[in-house]
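Just so it is clear: chains get the letters A, B, ... in the order the sequence lines come, proteins before strands, and each one is counted from 1. These numbers come from a predicted model, not from an experiment. The basis for the numbers below is simple: all heavy atoms, side chains too, and nothing from hydrogens, waters or symmetry mates.
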2 protein chains.
Amino acid sequence: MDKDKIDKKDHILDVAEKVFSDLGFDGASTRTISGEAGVNMAMLNYYFGSKEGLFLAIFERKIASFQTLLQNIGNDETITSWDKLSKCIDNYVDRIIVNNCFQKLINRELTMSKRWELTDKITQILMVNVIEIKKILDEGVKNKTFAKNIDAELVIATIFGTKNYIINTPHVSSLILGHDIRDEKYLEEELKPRVKIYMKRLLQAYLMKDNDNSK
Amino acid sequence: MDKDKIDKKDHILDVAEKVFSDLGFDGASTRTISGEAGVNMAMLNYYFGSKEGLFLAIFERKIASFQTLLQNIGNDETITSWDKLSKCIDNYVDRIIVNNCFQKLINRELTMSKRWELTDKITQILMVNVIEIKKILDEGVKNKTFAKNIDAELVIATIFGTKNYIINTPHVSSLILGHDIRDEKYLEEELKPRVKIYMKRLLQAYLMKDNDNSK
DNA sequence: CAAACTCAATCAATCGTTTGATTAATTTTG
DNA sequence: CAAAATTAATCAAACGATTGATTGAGTTTG
């Protein structure tokens, strides 16, 4: 049946995503992945051509859902620049914490000096979001919602960096926060709203204050 | 000669640090490392026992320099909490951008679910800095330098996360900033001061403003 | 000379991939 | 309809290549 085939491929991709994110591309053997997924080793090549093909397929599957999310917020003329940024933060915190282990994959791949093609593709995808936020920040400066001398590029680094730090280094951030951040209940009910509130207060304080240059 | 021996070991460690940070632990073969370092493959095992021993030796070498840096800032009674935090930021930005590729190593290792012993050791080392900053923040709240309702834990995530984001994802941050951040001149003369100024303004705005809870 | 060092050659183990056979379901044919 | 042919899916086994590690013979050094 066609449905079963798709389900099986999807199951392999689910397992592979987890194993790759735990062990890295080189650390995860095809035997481990196929074993974990409960399928014969040869099926990986049968379905995805190669180990790298499997790796790429994981990304292909996720890309679509990444593209469209922030798309229309920037063009909404009815809300202020601050509200747009606020919406972006909400979306981003929600989305990223769901795609937990995929985020780890993306981030590790970006730190590698291998597989340039994939690195470039990921970079391109992430830049869509970066540009979207940059646009909102610039617009906010122009219409004086935000202070004129903000450092927009580094604000972007803070937005993405803060979230990445929490998610990608769970050992450290769990110690800092005093909870296991891999506990889904804590994540959903406490951490997510807390990060949202914090990010908004942090950025509001910075963006909407006059940072005079006379030190 | 004893000097030559140490120099050679250090040279191997330098090369290995670079190769590991580019290719990951599993992606970097002992042949690649020894070839890059211009030494016989067997030397790696002769000096460091094993591939993992070599990997650990890279960390051992760096640990000492990491420990002592922030140590005494927190205990200085003559400066304000804000100045302490300010000093921490300076130290941190300076140090971390120098140890560029070692940071990538640390960060990738923290995202892995392998080599628990090393992960725990790294976590422990990083926590020294975390606790130091936490202490400063708490003290600042107590003596009313900082607002009473700040989110100290997430401030820490912002400090480390912002810097990590810039350094660990050079492809993306180079695009954002419009310069190749691996260009040492740009890094030293432009980016470093810029990050310092930005971080201080960002944190000052947040920490020294009343974040009322009514919305 | 003895200890420390260096090397090419080699080891077993594991890697990603391919193979050829087998099964089961579908389509074509007489 | 029933037999034959075709197809996709699955498997155990094996492939060559590469891995980290070791060997034992040679060289250098103090």
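- Relative ring orientation between A:His179 and A:Tyr186 is described as parallel, the plane-to-plane angle staying below 30° on a 0-90° scale split at 30° and 60°.
- Separating the CG atom of A:Leu44 from the P atom of D:dA9 is a distance of 14 Å, rounded to the nearest angstrom.
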Polar atoms only, N or O, under 3.5 Å: list the protein pairs with nucleotides 15-17 of chain C and their distances.
residue: C:dG16; atom: OP1; partner: A:Ala28; partner atom: O; Å: 3.4
residue: C:dG16; atom: OP1; partner: A:Lys51; partner atom: NZ; Å: 2.4
residue: C:dG16; atom: OP2; partner: A:Thr30; partner atom: N; Å: 2.8
residue: C:dG16; atom: OP2; partner: A:Thr30; partner atom: OG1; Å: 3.1
residue: C:dG16; atom: N7; partner: A:Arg31; partner atom: NH1; Å: 2.8
residue: C:dG16; atom: O6; partner: A:Arg31; partner atom: NH2; Å: 2.8
residue: C:dT17; atom: OP2; partner: A:Asn45; partner atom: OD1; Å: 3.4
residue: C:dT17; atom: OP2; partner: A:Lys51; partner atom: N; Å: 2.7

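- A salt bridge links B:Arg182 to B:Asp180: one of the charged nitrogens lies within less than 4.0 Å of a carboxylate oxygen.
- Checking D:dC11, D:dT10, C:dA8 against the side-chain heavy atoms of A:Tyr47 singles out D:dT10 as nearest.
- Not a single ring pair (Phe, Tyr, Trp, His ring centres under 6.0 Å) links B:Tyr46 to another residue, sequence neighbours left out.
- A sub-4.0 Å separation between OP1 or OP2 of D:dT10 and a side-chain N or O of A:Lys8 is present.
- Evaluation of the ring pair (Phe, Tyr, Trp, His ring centres under 6.0 Å) rule for B:Phe146 yields no partner, not counting sequence neighbours.
- Taking the ring axis of A:Phe55 as reference, the NZ or CZ atom of A:Arg115 stays within 45° of it and closer than 6.0 Å to the ring centre.
- Between B:Met43 atom CE and D:dA21 atom P there is a gap of 15 Å when expressed in whole angstrom units.
- The shortest heavy-atom contact between B:Leu105 and B:Phe59 is CB-CZ, 4.4 Å.
- At whole-Å resolution of the value, CD1 in B:Ile33 and C1' in D:dT18 are 15 Å apart.
- A cation-pi geometry, defined here as NZ or CZ lying under 6.0 Å from the six-membered ring centre and within 45° of its normal, does not hold between A:Lys163 and B:Tyr165.
- Looking at residues two or more places apart in sequence or on another chain, you find a side-chain contact (heavy atoms from CB on, under 4.5 Å) between B:Leu110 and A:Thr169, A:Val172, B:Ile106, B:Thr119, B:Ile122, B:Thr123, B:Leu126.
- Across the protein-nucleic acid pair, B:Asn40 atom CG and D:dA25 atom P stand 17 Å apart, rounded to whole Å.
- The stretch residues 14-22 of chain B has no heavy atom under 4.0 Å from DNA chain D, so no residue of it qualifies as close.
- Atom CZ of B:Phe48 is separated from atom C1' of D:dT22 by 18 Å (rounded to the nearest Å).
- Per the geometry, OH belonging to A:Tyr46 stands 13 Å off C1' belonging to C:dT23, to the nearest Å.
- Take A:Arg31 and apply the salt bridge (Lys or Arg N to Asp or Glu O under 4.0 Å) test, not counting sequence neighbours, and it matches no residue.
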